[in-house]
Protein chains: 2
Amino acid sequence: MLNMAEATQINFDQLKVSCANCSLRELCIPQGMTDEELKLVDQIIERKKPVHKNDYLFRAGDTNRSLYAVLSGSVKTLVDNPNGEEQIVGFHLPGELLGMDGFSGDSHTCSAVALETSSVCEFPLESLDKVCHDVPSIQYAMRRLMGKEVSKDHAMLLLLGRMSAEEKLASFLISLSKRMAQRHWKPTEFNLTMPRQDIANYLGLAVETVSRLFAHLQEVKIIEVDRRRINICDMERLRSIIGDGENVDSAAAEQV
Amino acid sequence: MLNMAEATQINFDQLKVSCANCSLRELCIPQGMTDEELKLVDQIIERKKPVHKNDYLFRAGDTNRSLYAVLSGSVKTLVDNPNGEEQIVGFHLPGELLGMDGFSGDSHTCSAVALETSSVCEFPLESLDKVCHDVPSIQYAMRRLMGKEVSKDHAMLLLLGRMSAEEKLASFLISLSKRMAQRHWKPTEFNLTMPRQDIANYLGLAVETVSRLFAHLQEVKIIEVDRRRINICDMERLRSIIGDGENVDSAAAEQV
DNA sequence: CGCCGATTTGACTCAGATCAAGGTTTGTGG
DNA sequence: CCACAAACCTTGATCTGAGTCAAATCGGCG
């Protein structure tokens with residue numbers, strides 16, 4: 001029991017950690033900043049309490065706009081159409097950002113939902129504007145991060161517009177694998193934090209198709225799947241599905 | 001002949017017009033700026049000579065990065081996949097921006113090609129950074145414009161991921177119609193500046209499907225098509241295809 | 001006029017959706 | 001600790017929207 005309490009205490013402290021000693025520092029907003037600049041960023045962050053699975057971080061239409069960085073856990077963002085259907089537009093791992101859709105107009109245009117118990121850092125838009133104004137290098141960093149967002153979205157348009165179901169799933173797994181590697185986690189062995197339904201929605205497929213594709217990729221020994229657990233056994237052949245043997249670090253796979 | 005020459009002269013002068021008297025002012029970067037601020041923006045613009053149909057404004061991989069605003073004509077942007085296929089990610093009308101994909105990394109990740117003889121204003125990235133630094137309101141405007149880009153891309157993900165062929169084409173026409181209206185051109189009668197092939201590619205369809213859909217929409221008297229000429233006869237029913245009778249100004253249609 | 005690229009049209013095919021069960025895991029309250 | 005429900009996932013059978021293939025037609029333009 002004492003151990004448990006201690007562990008809880010440690011977790012709590014981690015939530016209050018500054019950007020300077022955050023392990024995600026090089027993936028997140030602070031990448032490449034001086035200690036000086038970091039302090040300024042630190043000051044505008046509101047560290048949120050953990051959010052639970054299925055909690056909304058924000059909803060389309062919310063006028064209280066912020067940029068969010070995932071600290072732990074994972075989050076999905078989605079847009080709705082007039083008929084009430086929804087399209088998932090992103091899955092966000094620790095160190096990744098969401099909420100840029102609120103930078104135009106006066107409200108968010110997509111919603112964000114926690115896929116599991118997670119914690120996020122929140123940067124209110126006003127404070128963000130102010131610190132960008134005061135610190136050029138932060139403004140520069142923001143420009144870079146938004147440009148990345150645009151390029152990433154373009155890669156998704158390519159995926160949804162031109163790829164077969166199998167290519168879509170392969171791209172998805174490769175993208176996850178690369179993002180695992182960036183976080184110094186195993187790139188070939190990881191847990192999916194989202195249900196099949198969400199993967200299907202994100203890739204523009206039916207759940208059944210995703211399920212069958214997982215079965216097939218396992219069949220031919222490219223991956224092993226056990227429910228949410230993925231093990232990529234043959235990265236080479238997984239890559240060959242999206243059609244590049246050599247040019248492995250292609251922009252497309254990088255950014256899905 | 002003299003008239004022709006005169007017309008050419010007038011065109012040439014228009015290219016040298018400042019942002020302050022540009023008719024696209026309220027659609028483009030300068031929206032809502034003071035005269036003071038406009039001058040600063042004006043100074044960093046490099047007004048390009050007209051580009052011809054099929055000319056590249058920039059290519060994926062170009063390290064010479066800029067933000068571009070279409071002054072006249074129209075431009076498409078596209079990304080390539082490892083197999084050499086391409087996906088068109090945007091069509092850009094006068095007053096619309098392109099090139100934000102270059103704001104991250106060190107090169108553009110998509111290419112831009114003129115659909116017809118066009119002219120564009122170029123904002124080199126370095127100058128843009130500088131003026132953003134000097135003038136907070138321009139930085140603020142840039143943030144807004146990039147946010148809009150992200151929201152627009154999300155709407156495209158919804159289109160590609162969830163819509164039927166007919167819904168896609170209807171959304172496309174409605175989007176064009178709205179953008180015509182913004183430019184004070186007829187919202188129900190306009191020319192497509194891109195071939196069927198490009199429309200098909202953009203919407204994730206086959207050319208034949210687009211052709212058949214145009215034929216069908218004409219059949220049921222929702223539109224009239226004559227080659228590139230479009231006349232929307234029944235906007236109400238066109239809208240009903242994407243599934244909203246009342247909630248007409250939905251974000252989805254707005255931003256495709 | 002004659003060629004070439006763009007567009008249309010028709011016939012056929014197929015990847016992936018939909019429909020229909022059945023199995024498994026998780027959580028929950030008694 | 002068990003029973004039961006609710007998600008979630010898989011598998012099989014069938015259907016269909018849209019792709020593919022093939023061919024004709026149209027519209028400019030040298």
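Numbers restart at 1 for each chain; the letters A, B, ... are given by sequence-line order, proteins then strands. This one's a predicted model, so the numbers in the text were calculated from it and none came from an experiment.
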Original post:
What integer distance in Å separates B:I199:CD1 from C:dT7:P?
Top reply: 8 Å
**OP:** Test for a donor-acceptor pair under 3.5 Å between the base of D:dC21 and the side chain of B:E208, counting only N and O atoms.
**Re:** yes
Original post:
Do A:S118 and A:S72 meet the criterion of a side-chain donor-acceptor pair at a distance under 3.5 Å?
Top reply: no
Original post:
Does some side-chain heavy atom of B:H154 sit less than 4.5 Å from a side-chain heavy atom of A:D153?
Top reply: yes
Original post:
Is the shortest side-chain N/O distance from A:R196 to OP1 or OP2 of D:dT10 below 4.0 Å?
Top reply: yes
Original post:
Just by modelled atom types, is the A:R229 backbone N or O under 3.5 Å from a matching donor or acceptor in the A:D226 side chain?
Top reply: no
Subject >> Atom-to-atom span, NE2 of B:H216 to C1' of C:dG10 - whole angstrom >> reply: 17 Å
Original post:
Does a nitrogen or oxygen in the side chain of A:T209 sit under 4.0 Å from OP1 or OP2 of C:dA17?
Top reply: yes
**OP:** Let me know the distance between CG of A:D198 and C1' of D:dC9, rounded to the nearest Å.
**Re:** 13 Å
**OP:** Scan B:R212 against the nucleic acid and name what it touches under 4.0 Å (heavy atoms): base, sugar-phosphate only, or nothing.
**Re:** base
**OP:** To the nearest Å, give me how far apart CD (A:E116) and C1' (C:dT26) are.
**Re:** 16 Å
**OP:** Take atom CG of B:L213 and atom C1' of D:dG19, then tell me their distance rounded to the nearest Å.
**Re:** 13 Å
Subject >> Distance-only side-chain donor-acceptor flag, A:H92 / A:T77, under 3.5 Å >> reply: yes
Original post:
Contact class for A:A206 (heavy atom, under 4.0 Å): base, sugar-phosphate, or nothing?
Top reply: base
Original post:
Between B:L203 (CG) and D:dG17 (P), how many Å, whole number?
Top reply: 19 Å
Original post:
Do the side-chain N or O atoms of A:R228 get closer than 4.0 angstrom to the phosphate oxygens (OP1, OP2) of D:dC9?
Top reply: yes
Subject >> Candidate pair B:H108 and B:D101, rule side chain to side chain donor-acceptor pair (under 3.5 Å), full reasoning >> reply: CA-CA 6 Å; B:H108 280 288; B:D101 57 288; 3.1 Å; yes
**OP:** Nearest whole angstrom, please: distance from the C1' of D:dG28 to the CZ of B:R227.
**Re:** 8 Å
Subject >> Value in whole Å for how far the P atom of C:dG16 lies from CG of A:L169 >> reply: 12 Å
